[in-house]
There are 2 protein chains.
Amino acid sequence: MAETRWLNEREMRAWSGFLAASALVNRRLDQQLKDDSGLSHPQYEILVRLAAAPERELRMTELANGLINSKSGLTYQITQMEKAGLVRRRSCPSDVRGVFAVLTEAGRARLDEAAPGHVATVREILVDVLTPEQLDALADGLGEVGRRLREQGA
Amino acid sequence: MAETRWLNEREMRAWSGFLAASALVNRRLDQQLKDDSGLSHPQYEILVRLAAAPERELRMTELANGLINSKSGLTYQITQMEKAGLVRRRSCPSDVRGVFAVLTEAGRARLDEAAPGHVATVREILVDVLTPEQLDALADGLGEVGRRLREQGA
DNA sequence: GCCGAGTGATTCAAATTGGAACAACCCATG
DNA sequence: CATGGGTTGTTCCAATTTGAATCACTCGGC
């Protein structure tokens, strides 16, 4: 193995800043959502993705990809949310194995109810803290980071 | 409640980029550490913090405040790591309630062993992907984000 | 039509998490 | 020196997460 290139000070600042912000933001978000609307962050994201999807439904696998959970974790969450009436399952007509998660009216309503507080929190803890230049740097830089990780992982 | 200021496109790009990168980076890091050295990311961070501390020991509360996890989570992790011989507990002489977590030689060795691979991964997935300007923007912007969340949470 | 590889989702056990409750303790104050 | 308020770390518990194993099914080739 080649000798290790340790992080210089600039790199270290960026790395530990990212790590800390990542942990703190996630924790705060989770807390706000749970307190304010009884949803966990993963559940909120599921609702958002379903709401944005055509017909407001997605295959389980599609939902699991690009989401924080593993497939089994998604099965668990969808089961919970189905009990709560936020989504329902619909089996795929063309492939008996396939399952769609469908957003219900109640799920839609719950999302509409939770969204304003969520966005306000996102602004408060991140978006409104950054300058426009920093926002662009984040979008460009982290966008690329995400893209590469998606390719690699695939 | 004032009407919601939704995110414009620039803000949305930054936010979802951050969210996705945060999840993917953490997952990747966890996986690399576990495969490569049998440590979880939380455990690795505990080792790092202890190694950097004077006398290579820290109070439980100080460790927990670092943002790893809740106090009870830390108790659990330290117990696991103690079984593995990476740390040991030492009760505080001046305060009977207090407990120090102390890095053992084995823990030190384990960290030295894991560090190069960890740093290489950090470079590969984040640091070397960003331009110096983006690194600075990340450090400044997210540094401020973290600072505010720390104050608020306190 | 029938295998064999691969896919989609679920189930299961084990690990981990956070929060509330708890016991033991420090300390400032009266 | 007694007391009440705040700390410290652990324990208990319910919820969640993950990976491996599993079941049911599709598809292409023979």
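To find a chain, count down the sequence lines: A is the first, B the second, and so on, and within it residues start at 1. Side chains are part of it too, since the values below use all heavy atoms of this structure and drop only hydrogens, waters and symmetry mates.
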A.B. asks: For residues 86-138 of chain B, which residue pairs qualify under ring pair (Phe, Tyr, Trp, His ring centres under 6.0 Å), counting only residues two or more places apart or in two chains?
C.D. replies: B:Tyr44-B:His118
A.B. asks: Using whole Å, report how far NE2 of A:His41 lies from P of D:dT16.
C.D. replies: 15 Å
A.B. asks: Rounded to whole Å, please give me the gap between OH in B:Tyr76 and P in C:dA20.
C.D. replies: 21 Å
A.B. asks: Go through it in stages, so that I can follow the logic: the residues are B:Arg147 and B:Glu144, the test is salt bridge (Lys or Arg N to Asp or Glu O under 4.0 Å), and I'd like the CA-CA distance, side-chain angles, deciding distance and then a yes or no.
C.D. replies: CA-CA 5 Å; B:Arg147 213 165 300 127; B:Glu144 180 64 16; 2.5 Å; yes
A.B. asks: OP1, OP2 of D:dG9 versus side-chain N and O of B:Arg59: anything below 4.0 Å?
C.D. replies: yes
A.B. asks: Which of residues 89-101 of chain B have a heavy atom under 4.0 Å from DNA chain C?
C.D. replies: B:Asp95, B:Val96, B:Arg97
A.B. asks: Between P on C:dA9 and CG on A:Leu58, what's the gap in Å once rounded to a whole number?
C.D. replies: 11 Å
A.B. asks: Closer to the 5' end of DNA chain D via nearest nucleotide, is it A:Lys34 or B:Thr79?
C.D. replies: B:Thr79
A.B. asks: Please report, rounded to the nearest Å, how far the C1' atom of C:dG18 is from the CZ atom of A:Arg27.
C.D. replies: 9 Å
A.B. asks: Do A:Arg56 and A:Thr104 pair up side chain to side chain, a donor and an acceptor below 3.5 Å, judged on atom types alone?
C.D. replies: no
A.B. asks: Grab the CD-P distance between B:Glu82 and D:dG9 for me, whole Å please.
C.D. replies: 14 Å
A.B. asks: Measuring from the side chain of B:Thr75 (C-beta onward, heavy atoms only), which nucleotide among C:dG8, D:dT16, D:dG9 has the closest atom?
C.D. replies: D:dG9
A.B. asks: Between B:Ala64 and B:Lys71, what is the shortest heavy-atom contact and its length?
C.D. replies: CB-CG, 4.1 Å
A.B. asks: Which sits closer to the 5' end of DNA chain C, A:Met60 or A:Gln31, going by the nucleotide each is nearest to?
C.D. replies: A:Met60
A.B. asks: Nearest heavy-atom pair of B:Leu50 and B:Ala101: which atoms, and what distance?
C.D. replies: CD2-O, 3.4 Å
A.B. asks: Would you mind telling me which of C:dG8, D:dA20, D:dG9 lies closest to the side-chain atoms of A:Thr61?
C.D. replies: C:dG8
A.B. asks: Between B:Lys71 and A:Ser70, who's closer to the 5' end of DNA chain D by nearest nucleotide?
C.D. replies: B:Lys71
A.B. asks: Determine, step by step, whether A:Arg148 and B:Glu124 satisfy the salt bridge (Lys or Arg N to Asp or Glu O under 4.0 Å) criterion, reporting the C-alpha distance in whole Å, the side-chain angles of both residues, the deciding distance to 0.1 Å, and the verdict.
C.D. replies: CA-CA 10 Å; A:Arg148 296 200 184 192; B:Glu124 181 195 333; over 6 Å; no
A.B. asks: Atom OH of B:Tyr44 and atom C1' of C:dT16: how far apart are they, to the nearest Å?
C.D. replies: 21 Å
A.B. asks: Verify the contact: side-chain N or O of A:Gln77 to OP1 or OP2 of D:dA15, cut-off strictly under 4.0 Å; return yes or no.
C.D. replies: no
A.B. asks: The side chain of A:Ser72 is closest to which nucleotide in this list: D:dG9, C:dG8, C:dT11?
C.D. replies: C:dT11
A.B. asks: Strictly below 4.0 Å: does A:Gln80 bring a side-chain N or O up to OP1 or OP2 of D:dT16?
C.D. replies: yes
A.B. asks: Rounded to whole Å, how long is the line connecting atom CG of B:Leu39 with atom C1' of C:dT16?
C.D. replies: 16 Å
A.B. asks: Starting at atom CG of A:Asn26, determine the distance to atom P of C:dG18, rounded to an integer number of angstrom.
C.D. replies: 12 Å
A.B. asks: Just checking, any donor-acceptor pair under 3.5 angstrom between side chains of A:Ser22 and B:Asn26?
C.D. replies: yes
